[in-house]
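Atoms considered below: every heavy atom in the structure, side chains included; atoms not considered: hydrogens, waters and symmetry mates. Just so you know, residue 1 is the first one in the sequence shown, and it goes up from there.
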Amino acid sequence: CLTNNTTITLNDLFSNISLQDPNQSNFNDWNQYLGLFFNLSLFIIVKLVITAITITCPFPCGVFSQVFVAGAGIGRLIGEIGLLLFPNGVGGSETILPQI
């Protein structure tokens, strides 16, 4: 079972609102200290290290939720970098073509 902290983290990572949005007060934790990109990168590294430790344990610890959360963090980091590089989106025409 996912703990409450992991559930809140997953809700933040799967949100369709940018974590950089200053109007969203519930995302302030991600932007504290050294910034969003450092915090997300550190989160991903720590999650992957903890997952590696969990896999090598001689007793069952549960790997699925840790890998799931680490993957969500990687996806969010890629999305935030894409938003930083292309704030108006990507495309050359006014028509939006899905999955192109």
Side-chain angles (χ1 to χ4, degrees):
C1 182
L2 295 175
T3 62
N4 190 23
N5 235 1
T6 306
T7 305
I8 292 170
T9 302
L10 276 176
N11 286 338
D12 287 351
L13 294 176
F14 280 110
S15 166
N16 62 351
I17 301 170
S18 172
L19 296 178
Q20 301 175 38
D21 190 1
N23 298 327
Q24 298 296 326
S25 61
N26 49 336
F27 296 148
N28 286 339
D29 293 341
W30 290 102
N31 294 313
Q32 287 182 356
Y33 307 114
L34 297 176
L36 172 67
F37 295 107
F38 179 81
N39 288 340
L40 265 176
S41 300
L42 183 66
F43 173 79
I44 293 166
I45 291 168
V46 168
K47 269 298 180 191
L48 290 176
V49 167
I50 290 173
T51 302
I53 292 170
T54 302
I55 290 172
T56 59
C57 286
F59 47 87
C61 298
V63 175
F64 176 74
S65 64
Q66 292 179 8
V67 173
F68 188 73
V69 173
I74 292 169
R76 174 55 82 168
L77 182 62
I78 291 170
E80 294 291 337
I81 290 171
L83 180 65
L84 183 69
L85 295 176
F86 307 104
N88 297 325
V90 180
S93 65
E94 292 193 20
T95 23
I96 298 173
L97 304 173
Q99 300 187 10
I100 291 183

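- Between G73 and L13, the shortest heavy-atom contact is N-CD1, 3.7 Å.
- Under the 4.5 Å side-chain heavy-atom criterion for grouping Ile, Leu, Val, Met, Phe, Trp and Tyr, F64 is connected to I74 within one hydrophobic cluster.
- Under a 3.5 Å cut-off, the side chain of S15 and the backbone N or O of D12 do not form any donor-acceptor pair.
- The hydrophobic cluster around V63 extends to I55, V67, counting ILVMFWY residues whose side-chain heavy atoms fall within less than 4.5 Å of a member.
- Judged as a ring pair (Phe, Tyr, Trp, His ring centres under 6.0 Å), and not counting sequence neighbours, the contacts of F14 are F68.
- What you find for A70 and L48 is that their closest heavy atoms are CB-CD2, 3.8 Å.
- To the nearest 0.5 angstrom, L42 atom CG is 15.0 Å from F37 atom CZ.
- F86 and I78 end up in the same hydrophobic cluster when Ile, Leu, Val, Met, Phe, Trp and Tyr side chains are linked at under 4.5 Å.
- In plain terms, the two heavy atoms of V69 and K47 that are nearest each other are CG1-CE, 3.9 Å.
- Atoms CD1 and CG, on I81 and L77 in that order, are 4.0 Å from each other to the nearest 0.5 Å.
- Atom CD1 in I50 sits 12.0 Å away from atom CD1 in I45 (nearest 0.5 Å).
- Taken from CD in E80 to CG in L36, the straight-line distance is 5.0 Å, to the nearest 0.5 Å.
- In the hydrophobic clustering of this structure, L40 groups with L85; members are Ile, Leu, Val, Met, Phe, Trp, Tyr whose side-chain heavy atoms approach within less than 4.5 Å, directly or through other members.
- No side-chain donor-acceptor contact under 3.5 Å links R76 to the backbone of G71.
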